[in-house]
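By convention in this document, chain letters (A, B, ...) are assigned in the order of the sequence lines, proteins followed by strands, and residues within each chain are numbered from 1. As the structure is a computational prediction, the values presented were derived from the model and not from experiment.
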Amino acid sequence: MSKYEFEEIEKKWRRIYEEKKLYEADADEKREKFFVTVPVMYPDGRLHTGHMYTWTRADIFARFQRMKGKNVLFPQGFHMTGGPMAGMSLRLKNGDEKAIKIMKDQGASEEDIKRFAGNPLELGLFFGKTYKSDFNLVGTSIDWRRNFILSYTEQYSKFVEWQFRKLRELGYITQGSHPVVWCPRENTSLGDHDRAEGEGESPQEFTIIKFKADNLILPAATLRPETIYGVSNLWVNENGQYKKVRFSNGEEWIVSKEFTEKLPFQKNVAEKIEDFNIADLAGKTAVNPVNNEEVPIINAEFVKTDRNTGIVMSVPMHAPFDYNYYNKKKTEIKLREPRKIIDVKTNPNLMEEAIKRFGTADEKELENATKYVYKTEFNYGILNESNGPLSGKPVKEAKEYAIALIKEKNAYDNFYETSGEVICRCGAKGLIKLVENQWFIRYSDKQLKEKTIDWIQKMDVRPEEAKAQIINAVYNMEDKAATRNGGLGTPLPWDNNWLIEPLSDSTIYMAYYTFAHIIKDMKPEEITDEMFDYILLDKKSDKKFPDNIEKMKKEFEYWYPLDLRVTAKELITNHIAFFIMTHVAIFSKDKWPRGLGINGWLTVNGKKMSKSKGNTMTIDYVVNNYGADSARLIASASNGMDDAAWDLNNINGFKQKIEFILELTEIMDSFSGERKLADEFLLSKTNYLIENSEKEYNSMKYKNSLNYSFFEFIENIKNYIDYGGNNKDTLKYVITVFSKLNHPLFPFVTEEINNALNKGELLESYQSWPEIKEEYKNEIVENEFEVLKQTISDINNLVNLINKDPKEIIIGIAGKEKFEIYNKVEEITHRSRDLKEIRKEVPSNEFVNKLLKNPKRLPNKKLDYELEKRVFIESKSKLKEMYNAEIKIEESNEDKAFPGKPMLIIK
RNA sequence: GCAGAGGUAACGAAGCGGUCAAACGUGUAAGGCUUAGGACCUUAUGGCUUAGGCCUUCGAGGGUUCAAAUCCCUCCCUCUGCACCA
């Protein structure tokens with residue numbers, strides 16, 4: 001068997017592609033275009049197979065479109081905005097051993113690491129270079145002339161400035177304060193990945209209701225201000241420390257000591273703070289500001305002074321904790337019956353029911369009861385007639401009315417807490433900081449959302465299921481804080497204190513690719529808003545622009561809109577939503593993006609592949625050891641958004657099959673037979689495979705397309721040979737089609753196969769996608785070969801049964817009349833499967849009884865008496881070879897001889 | 001909490017009203033090839049049968065239909081994403 005020398009083959013074709021500059025695409029009005037991108041990535045380490053998964057998926061589509069005759073642009077930029085690179089550089093500067101080891105493992109020298117320390121750009125440029133060579137190695141068809149680096153390329157920063165001024169002009173920028181999870185020790189926002197504990201916790205807003213006790217204010221914090229009419233008392237905890245805080249407006253608040261520490265991060269700093277003995281308040285009363293009711297202040301050890309203010313309003317009939325304590329206290333102090341203010345029709349005694357069901361033994365049980373009560377009341381509860389102006393409101397809607405009412409009484413404030421405990425990697429407890437003067441992009445804009453969702457409905461989303469998720473993401477979109485204080489990035493043009501953060505400066509940069517190779521020769525100061533208005537928005541100007549700008553406009557107008565953006569699913573709720581919305585906000589409709597391709601994670605042995613898990617393989621390792629074409633198998637590891645499992649073992653099977661095809665091309669001249677039924681079978685099948693693999697390529701379901709274009713295809717070629725096919729023209733045509741169908745997936749080796757058979761143009765460089773030939777379609781021949789296959793399997797079974805080598809095999813084909821009845825029944829089933837109906841139209845005899853025995857197994861495909869005979873006669877010599885026995889083909893009148901299932905006698 | 005996806009053989013996974021005992025892959029077993037191992041090839045792998053037959057399954061329960069893994073309802077369970085962070 002001929003050896004598959006992948007190194008040589010790949011080296012050769014890589015060189016040829018490069019010499020012909022096949023991946024460099026320019027505007028060409030005469031040709032239809034296709035523009036595909038994958039999001040930029042951070043060059044902060046070597047590329048690994050996890051990256052390769054997404055990029056190869058995009059590359060396959062790019063090559064597929066090239067073969068369909070399109071002018072394809074696939075550019076790639078890098079991203080250096082934001083924290084990660086700056087963070088790594090800083091860690092190197094601080095001599096962090098772990099960071100240094102990571103760099104060394106990825107091929108950086110001592111010298112390099114010294115350069116990276118404190119200079120994140122050097123680090124990015126270093127890995128940027130490895131990215132280019134790795135992508136080239138694996139055959140990603142990128143036009144590198146258009147590469148640029150987000151927010152490092154000065155010309156690009158001009159583009160971002162234009163984008164932001166444009167957004168502001170259009171009214172999509174606002175300024176305000178914004179709660180973020182914050183580390184008070186490191187004085188920085190605390191993202192999920194910086195946390196030792198509390199991943200996924202976020203700021204939660206509490207309403208503060210100011211109860212009055214004499215001249216003091218007792219600020220009770222609650223998530224349910226709508227229960228204000230049900231308050232029976234206030235809880236404080238005498239085990240905790242409290243303070244008296246005076247604000248500049250003269251108000252004096254009694255709050256826990258812990259609260260005073262959090263206060264400066266969200267409110268104006270207090271004028272004066274002094275100790276306060278909370279026990280002094282015990283037995284006194286406070287006034288509910290909404291209904292002026294006097295409620296007792298009671299000590300309760302369950303109150304947590306490190307959450308909120310340390311003052312809790314008690315609503316016994318609607319909060320299990322309160323209910324439980326209130327009933328206990330009732331035995332000590334004389335208390336009035338608590339008031340029930342929410343009715344749930346289906347559960348008239350909700351509280352008793354919850355207590356009975358979950359218990360009161362410990363905090364956990366009470367928490368479960370609380371969840372149950374809150375949920376039920378929220379969904380089905382109505383505020384009853386004891387709720388003053390709130391009476392009759394469903395709980396779902398009551399909150400905003402309650403807040404308005406509390407505000408009216410000058411008793412409202414608010415405070416943010418983390419939704420659960422957050423601990424920073426540094427060990428400090430996270431809290432919420434209200435960042436002031438933050439700039440936002442108004443993605444919450446209703447009209448923008450509507451326009452975007454309308455558009456997404458029309459987009460080509462692969463797989464289709466992702467569409468609902470994207471629409472949902474847009475629907476739930478809130479304003480996005482677009483700036484930050486540290487790291488790298490483009491300064492906000494009108495407020496230089498802020499840098500534009502990385503998810504906001506990367507929403508329309510795909511447009512920049514269209515002219516990146518031209519604008520890079522311009523001086524930044526030559527680049528103006530007027531110019532971008534002209535190029536991107538077709539805004540006419542009196543000014544006559546120089547040729548290079550006219551050329552940029554031409555490129556932009558030719559390539560835009562983007563036809564396909566390929567990315568992993570974790571970007572759906574942020575980047576993909578921002579990307580589409582910003583296009584809708586800024587560009588005219590004919591420039592909005594047309595297609596998306598979403599994929600899942602790549603997994604290895606059931607685990608997600610990622611650097612932090614240490615289960616990655618670098619691209620150069622895989623390519624050098626297995627070959628680029630083999631490595632590209634990775635793209636067929638899954639069909640849609642499911643996680644994709646990749647297994648190196650698949651590569652062996654792949655290579656084996658490639659060797660089989662390569663060998664066929666070498667011994668092509670030895671096939672010298674006539675055309676027979678087997679040829680008709682293979683040609684018909686080939687059509688079917690073209691049709692199906694094209695469909696799967698189109699929806700980016702590469703696992704399926706590989707099944708058709710590769711595995712099933714080869715199976716059919718093998719069957720053809722097994723059935724006695726040996727016609728050179730057929731094989732040459734079929735293997736050429738094979739090389740074409742598989743070219744997007746395996747560009748190098750298919751080019752080699754095609755080249756061995758047809759000295760002509762490169763598959764990559766002309767309209768080479770194979771056409772379906774109607775004249776080759778022959779369904780009945782395919783069916784009859786299916787019969788042959790099934791019969792061979794039956795013979796095998798029978799030979800096993802008798803457990804000796806057969807001397808003679810008699811194959812009895814059913815008579816012509818049986819075929820006629822069979823086909824007749826098949827025809828009727830298209831109209832009716834009612835056995836009575838069918839019987840009306842066919843003679844009644846033993847054969848028909850058998851045929852109609854099982855309504856589930858009625859004839860389902862057309863067969864042909866003459867063809868069935870010929871199929872067996874033409875494969876006779878092969879069968880003889882297989883079993884080393886005499887083969888007799890004859891017509892049989894026996895009951896067992898069925899159309900599509902010949903009678904078998906084995907002697 | 002909100003949203004999305006899903007529960008099919010030992011496992012991964014396809015099928016999405018009749019071609020289904022269930023493609024394809026892995027694992028397992030037997031045989032072939034090989035000095036040997038690996039790789040590769042052939043066959044088997046729900047149960048009962050053993051001349052090509054029958055029976056039972058697709059998270060659980062109910063319903064629609066001549067026909068349901070596939071459509072509808074209820075319940076149980078699993079996974080993924082949720083923003084200032086790339």
Would you measure the distance from the [atom1] atom in [N] across to the matching atom in [M] and give it in whole Å?
N     : M     : atom1 : value
B:U26 : B:U35 : C1'   : 30 Å
B:U70 : B:G7  : P     : 11 Å
B:C66 : B:U49 : C1'   : 30 Å
B:C72 : B:A22 : P     : 27 Å
B:C11 : B:G46 : P     : 13 Å
B:G32 : B:A23 : P     : 27 Å
B:G27 : B:C55 : C1'   : 27 Å
B:C79 : B:G62 : P     : 28 Å

At under 4.0 Å between heavy atoms, what does [X] touch on the DNA or RNA strands: base, sugar-phosphate, or nothing?
X        : result
A:Gln438 : nothing
A:Leu571 : nothing
A:Asn783 : nothing

**Report entry** Ring centroid separation A:Tyr131 to A:Phe78 under 6.0 Å
**Finding:** yes
Query raised in the report: A:Tyr443 and A:Phe578: aromatic ring centres closer than 6.0 Å?
Result: yes
Closest listed nucleotide, where the reference is the side chain of [X] and the choices are [options]:
X        : options             : result
A:His178 : B:G52, B:C84, B:A83 : B:C84
A:Ala481 : B:C84, B:G4, B:C2   : B:C84
A:Lys703 : B:C84, B:A83, B:A13 : B:A13
A:Lys569 : B:C84, B:U80, B:A83 : B:U80

**Report entry** A:Trp55 vs A:Gln76 side-chain heavy atoms within contact, under 4.5 Å
**Finding:** yes
Requested in this report: For residues A:Gln204 and A:Tyr416, determine if any side-chain heavy atom of one lies less than 4.5 Å from a side-chain heavy atom of the other.
Outcome: no
Paired with [N]: which nucleotide, if any, by Watson-Crick or G-U wobble criteria at under 3.5 Å for both distances?
N     : value
B:C82 : B:G1
B:G6  : B:C77
B:C16 : none
B:G46 : B:C55
B:C11 : B:G25
B:C40 : B:G32
B:C71 : B:G63

Report the distance from atom [atom1] of [X] to atom [atom2] of [N], rounded to the nearest whole Å.
X        : N     : atom1 : atom2 : value
A:Ile809 : B:G52 : CD1   : C1'   : 14 Å
A:Phe713 : B:C24 : CZ    : P     : 19 Å
A:Ile471 : B:C2  : CD1   : P     : 20 Å
A:Leu706 : B:A23 : CG    : P     : 19 Å
A:Lys655 : B:C41 : NZ    : P     : 16 Å
A:Lys701 : B:C24 : NZ    : C1'   : 16 Å
A:Met477 : B:G81 : CE    : P     : 17 Å
A:Asn472 : B:G4  : CG    : P     : 5 Å

Requested in this report: Using the side chain to side chain contact (heavy atoms under 4.5 Å, CB included) rule, pick out the option among A:Asp445, A:Ile471, A:Val474 that qualifies with A:Thr452.
Outcome: A:Val474
Report task. Please lay out, stage by stage, how A:Glu696 and A:Lys703 fare under the test salt bridge (charged side-chain N to carboxylate O under 4.0 Å, His left out). Result -> CA-CA 8 Å; A:Glu696 301 296 348; A:Lys703 192 176 177 179; over 6 Å; no
Query raised in the report: Should we say atom CD of A:Glu779 is surrounded by more than 12 heavy atoms from elsewhere, each under 6.0 Å from it?
Result: no
Restricting both atoms to N or O, compile the protein contacts to nucleotides 70-72 of chain B shorter than 3.5 Å, with distance only.
none

Report summary line: Residue pair A:Asn707/A:Lys901 against RNA chain B: nearer the 5' end by closest nucleotide is A:Asn707
Query raised in the report: 5'-most contact on RNA chain B: A:Thr573 or A:Met903, nearest heavy atom basis?
Result: A:Met903
Report summary line: Taken in chain and number order and not counting sequence neighbours, the residues that satisfy salt bridge (charged side-chain N to carboxylate O under 4.0 Å, His left out) with A:Lys862 are A:Glu826
Requested in this report: Kindly assign one of parallel, tilted or perpendicular to the pair A:Tyr4 and A:Phe6, based on the angle between their ring planes and the thresholds 30° and 60°.
Outcome: perpendicular
Query raised in the report: Among all residues two or more places apart in sequence or in another chain, which pass the side chain to side chain donor-acceptor pair (under 3.5 Å) test with A:Asn742?
Result: A:Ser709
